[in-house]
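Here the structure comes first, spelled out in structure tokens, and everything after it is commentary.
We're numbering straight along the sequence, starting at 1. As a basis for the values below, the full set of heavy atoms in this structure was taken, side chains included, without hydrogen atoms, waters or symmetry mates. Indexing begins at 1, ligand by ligand and atom by atom, following the structure's order.
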Amino acid sequence: MRGSGDLAIINISECLTPKGSTARCGASMADIETIPDAVILIRNGLIAYAGPASGISAASFAGMPILDSGGRPAIPGFVDSHTHFIFAGYRAEEFYWRAGGIPYMEIHKRGGGIRRSVDATRAASLEELVALGKKRLSAMTASGITTVEGKSGYGLDLGTELRQLEAMRALGDDPSVAVDIVPTFLGPHSTPPEFAGNPSAYIDYVIATVLPEVRARKAAVFCDIFCEKNVFELEDSRRYLEAARSLGFRLKLHADEIERIGGAGLAAEMAATSADHLLKASMEDLEAMARAGVIATCLPLTAFTLREPYADARGMIDAGLALALASDLNPGSCFSQSIPLIFALGVLYMKLLPEEILTALTLNGAAALGLAGKTGSIEAGKQGDIVLLDAPSWKHLAYNVGANPVSCVVKNGIPVWGS
Ligand code: NIG
Ligand code: FE
């Protein structure tokens, strides 16, 4: 359980935040409130005041612990709404194979890729997965991430899938971990060797044996699937998502990443919370997502490391969608969690405004996890999840390419990293 505290953050040069308790769509993603010379008061972990210093008297925070920002800008803690941070083993050689021209799916077909991580993760104990996860979470804290989603999907059997989810629960219960964790079941990430060549039979097994157990243990909030040509195609994906929905799970899809098969359209049909990747999604399917209120989650670090054309995030916002951005941290397609690099790629290659990127990495990331009423913005009533930047302006997040300007992280009103 996370602790929660009282804190007065004073001398903030400018406080920047999207506002609201639902995802912001289309043009409204660029509406960022800017409060110069701001103060944030947090009581019992929740924001009690966020506004100009002139709007509050020092007496109202007398006796509270004080964090003097010393003229630094403040933004909401980042919400990384798509990661695969619980895994054992690494696949560094595949990075270099891809750099040498071998495509991601070719490595996957040859039994490399996800399969390699499955072997290593099946061999890892709960304690090992927890220790690996903890290390990755503390690196996330240092980059200002205060809420993270994590997926299973490197077990592909009942025991290991549950162990990955259990590792996330143990980390969520660890008071020394400063990040809230939202667990997602991604059993259909690849077909395991036990069902080689028969993805439909594996989906049958997941529906009959694994999903009910995940439900009974309340081990996941979301269910996700790698809906992709030669992985799990539309019919199997639909069957699985219907089964998950009928058990009360919320839905996510890895959709239209490598080839366009209509995963984005399926996300709209199923009223999923988000569809993710979307590099090859059709505008027609994206418009159906907009009508169905499905959040479009783009993962620029994955496109960058796979050297694929970036998703049309500009077109998505212009079509009225709510865009979230996330890292996709995983041992294969994207071993990176760099928030500053997401900012730079978004500005340089995806035609996004820094304001839109800030919304996509905070409020809309929270909405992609069903948490927009609790975090993702600096407003009275929300969790005191705040980041201070050691930079003259928050816009250095993209401009100082790849550098981490985060100098202090506050979670639920408690300073958890930096000073
Ligand atoms: O989101 N595309 C499928 N799943 C992951 C990659 C997993 C892996 O390569 O280990 C992704 O990119
Ligand atoms: Fe992913």
Mind jotting down which protein residues get a heavy-atom contact under 4.0 Å with ligand 1? Chain and number order, please.
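Correct list: H82, H84, R91, Y104, I114, Y154, H189, F226, H254, E257, H277, D328, N330, G332, S333.
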Only counting residues at least two apart or in another chain, list the ones meeting side-chain contact (heavy atoms from CB on, under 4.5 Å) with L353.
A30, E355, E356
Verify, without hydrogens or angle tests, whether [X] (side chain) and [Y] (backbone) share a donor-acceptor contact under 3.5 angstrom.
| X | Y | value |
| --- | --- | --- |
| R98 | Y104 | no |
| R72 | S69 | yes |
| K280 | I258 | yes |
| S81 | L369 | no |
| D256 | S282 | no |

With a cut-off of 3.5 Å and sequence neighbours excluded, list every side-chain donor-acceptor pair involving residues 335-346.
{"from": "S336", "atom 1": "OG", "to": "S338", "atom 2": "N", "distance (Å)": "3.2"}
{"from": "S338", "atom 1": "OG", "to": "L341", "atom 2": "N", "distance (Å)": "3.1"}

Identified side-chain contact (heavy atoms from CB on, under 4.5 Å) counterpart of Y202 within the set T191, V210, I207, D236
T191
Between the side chains of D157 and T160, is a donor N or O closer than 3.5 angstrom to an acceptor N or O?
yes
How many N, O or S atoms of the protein are nearer than 2.8 Å to the Fe ion (ligand 2)?
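Near the Fe ion (ligand 2), the number of protein N, O or S atoms below 2.8 Å is 4.
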